[in-house]
Amino acid sequence: MKDRILEYLNRFATGTPDDLADELKRELNLDDTTFQQHAQGMQSVVLHQYSQFSISTIDAFFQKVIRSFTREAGLMGDYRLEVEQDQVLEEVIDNLIDELGSNKELTEWVVDFAKENLKNERAWDVRLNLIEFAKEIFRDEFKDIEEEVMQQTGDRSFFKRFREKLVAEKNKFLTAIEEPAKRALNIIREAGWDITDINYGKGSGLFTFFEKFALEKTVKDIEVGDRIRGLFDVPENWPSKTTRRRAEIIEIARTTLIPIKRQLVDYYEKHYRKAVSIDVVLQNLYVFGLIADISRKLKEYKDENNLMLLADAPKFLNGVIQDSDTPFIYEKVGSFFKNFLIDEFQDTSAMQWKNFLPLLTNSMDQGYPSLVVGDVKQAIYRWRGGDLKLLQQEVENHVGRTRTDIQVLN
């Protein structure tokens, strides 16, 4: 990239015909002589201050920063940087598979994982699926909670206690709605009513509502429709048009069944969200377990091999910076950067931006402008954890609206 920039500058400085030069002259409204003089001046500055002319990938820049303070960070100076994280994951998953049989909990999780793959008609090879699944640990969303996950799951009894707690909470919800619903069904049976006596008896009406609440064991299948909330709050709406028991149904609905219905709906509104979350967590607890064990095996592998993955750098720096305005680690790099141009900004993750923000802010505070360039539409693909909200609004919010100038490119 440096060669290309110097090559273009040389063409501009020597007046060599060039399409880009013509475009720049039109854009900047410069004649040939003035443009050439600008190019010669810039070429001279770059060549005489070449050490300050820095072009790097974000990953390489972060590595340069980290290597500058390995002693302060407690790292061994000769740590190995591994770029090919897929190769590392394969070895980690192989080590994990070696534990199957001896580690009962892990074995159960892998079996559940394999069953889920078969149910969703994915490939049967659990090793390949585990390698693909393991890439989740490199996502910013997991990096943000990784330390907490490792701390909680370090105790091997955690999952047993966690499952028991979740099951108890789920059963508490089901028991609370089961008893009133069964009471309502018994009242209806003792009165001798059938589906033809009740309004919407054949559809998703009262019978379905009470039966679901009394018998259903899967929380997500329990629901309260608008008809139950509104229509059946009025006793006169309970009897069907053809029933001969209209007066009896209205009376029992008013005195007994509507209060039960309201009790169920109120409890549902207050506790359903928590209960359905618990139900989903219980069904996918093996995912949590697998993620924790893969993360544990990866940490062991990195420690044994004195290794740092390229994907670890943003999180590592983020932990050192800790929202500091002028973190010392950037001073250790040994050179002061005045202006920054971050290209392909839509591929920048939230964590990478948090690491860059103190640098940019410090530079701007001293009057040096910087530039970020990107296509927000491409950020929807989340390439390398890119976050479209950064380019859309958060950069402007973080830097300050008075200090940003947004230019839309054609």
Side-chain angles (χ1 to χ4, degrees), residues 73-75 85 88-89 91-117 126 129-174 219-220 271-305 307-309 311-323 349-351 354-355 385 387:
L75 292 170
Q85 64 188 34
V88 171
L89 271 187
E91 294 188 44
V92 168
I93 295 302
D94 286 342
N95 293 342
L96 194 76
I97 290 173
D98 287 343
E99 284 191 23
L100 295 182
S102 58
N103 186 332
K104 183 185 175 186
E105 210 168 40
L106 174 62
T107 306
E108 289 175 357
W109 290 329
V110 172
V111 169
D112 287 342
F113 180 71
K115 286 178 180 176
E116 186 67 22
N117 283 328
V126 72
N129 284 320
L130 279 172
I131 292 170
E132 193 62 33
F133 168 74
K135 293 176 182 177
E136 291 292 317
I137 66 178
F138 299 123
R139 292 167 62 96
D140 277 4
E141 293 88 341
F142 180 72
K143 291 287 184 186
D144 284 339
I145 60 168
E146 183 175 15
E147 289 178 16
E148 190 176 351
V149 169
M150 296 300 289
Q151 186 178 351
Q152 292 284 351
T153 59
D155 178 2
R156 297 307 294 178
S157 66
F158 166 80
F159 283 100
K160 183 175 182 292
R161 289 185 282 108
F162 187 45
R163 187 192 295 272
E164 288 172 354
K165 184 178 178 181
L166 292 176
V167 170
E169 288 289 329
K170 176 184 174 181
N171 290 339
K172 179 182 174 182
F173 174 82
L174 292 174
V219 178
K220 67 182 177 65
H271 302 285
Y272 176 74
R273 183 169 182 161
K274 178 182 178 182
V276 78
S277 299
I278 287 171
D279 208 28
V280 172
V281 170
L282 280 168
Q283 291 172 27
N284 295 279
L285 196 58
Y286 72 92
V287 174
F288 187 16
L290 276 178
I291 280 281
D293 267 347
I294 290 169
S295 188
R296 172 178 60 84
K297 295 299 287 185
L298 178 61
K299 185 177 185 307
E300 290 174 4
Y301 182 88
K302 289 190 292 188
D303 290 345
E304 288 170 5
N305 294 277
L307 183 73
M308 174 180 276
L309 295 178
D312 294 333
K315 177 68 168 68
F316 182 79
L317 277 179
N318 204 246
V320 175
I321 292 171
Q322 293 286 339
D323 299 320
S349 71
M351 195 172 290
K354 279 179 71 177
N355 291 339
D387 185 349

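The basis for the numbers below is simple: all heavy atoms, side chains too, and nothing from hydrogens, waters or symmetry mates.
Interatomic distance, I97 CD1 to T107 OG1, rounded to the nearest 0.5 Å: 11.0 Å. Annotation: the span from E99 atom CD to S102 atom OG amounts to 6.0 Å, rounded to 0.5 Å. In this structure, T153 OG1 and Q151 CD are separated by 9.5 Å, a value rounded to the nearest 0.5 Å. Considering CD of E304 and CG of N95, their distance stands at 7.5 Å, rounded to 0.5 Å.
Contact annotation: the side chain of Q152 approaches that of F158 to within less than 4.5 Å [non-hydrogen atoms, C-beta and beyond]. Put simply, the side chain of L298 reaches to within 4.5 Å of the side chain of L309, judged on heavy atoms. Taking the side chain as every heavy atom from C-beta outward, K172 and H271 never approach each other to under 4.5 Å. Taking the side chain as every heavy atom from C-beta outward, E169 and F173 never approach each other to under 4.5 Å.
More than 12 heavy atoms of other residues, nucleotides or ligands lie within 6.0 Å of CD in E108, so this atom counts as buried by the packing criterion. For NZ of K135, the number of neighbouring non-hydrogen atoms (other residues, nucleotides, ligands) closer than 6.0 Å is greater than 12.
Scanning all heavy atoms of the two residues, the minimum distance from A134 to I93 falls at CB-CD1, 4.1 Å. Smallest separation of non-hydrogen atoms from Y301 and E91: OH-OE1, 2.9 Å. Residues I131 and L89 approach most closely at O-CD1, 3.9 Å, considering heavy atoms.
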Kindly list each side-chain donor-acceptor pair under 3.5 angstrom involving residues 282-295, sequence neighbours excluded, with atom names and distances?
from, atom 1, to, atom 2, distance (Å)
N284, ND2, V280, O, 2.8
D293, OD1, R156, NH1, 3.3
D293, OD1, R296, NE, 3.1
D293, OD1, R296, NH2, 3.0
S295, OG, E146, OE2, 2.9

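In terms of the side chain to side chain donor-acceptor pair (under 3.5 Å) criterion, K220 has no residue partners (sequence neighbours excluded). Legend: residues meeting ring pair (Phe, Tyr, Trp, His ring centres under 6.0 Å) with F138, ordered by chain and number and at least two apart, are absent. For R273, there are no salt bridge (Lys or Arg N to Asp or Glu O under 4.0 Å) partners two or more places apart in sequence or in a different chain. Y272 meets the side chain to side chain donor-acceptor pair (under 3.5 Å) test with no other residue; sequence neighbours excluded.
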Start with the C-alpha distance between V219 and I278, add both sets of side-chain angles, then the distance that settles side-chain contact (heavy atoms from CB on, under 4.5 Å), and finish with yes or no. CA-CA 9 Å; V219 178; I278 287 171; over 6 Å; no
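For residues 280-291, there are no salt bridge (charged side-chain N to carboxylate O under 4.0 Å, His left out) pairs, not counting sequence neighbours.
Ion pairing of R161 with E164 is absent here, as no side-chain N (NZ or NE/NH1/NH2) approaches a carboxylate O to less than 4.0 Å.
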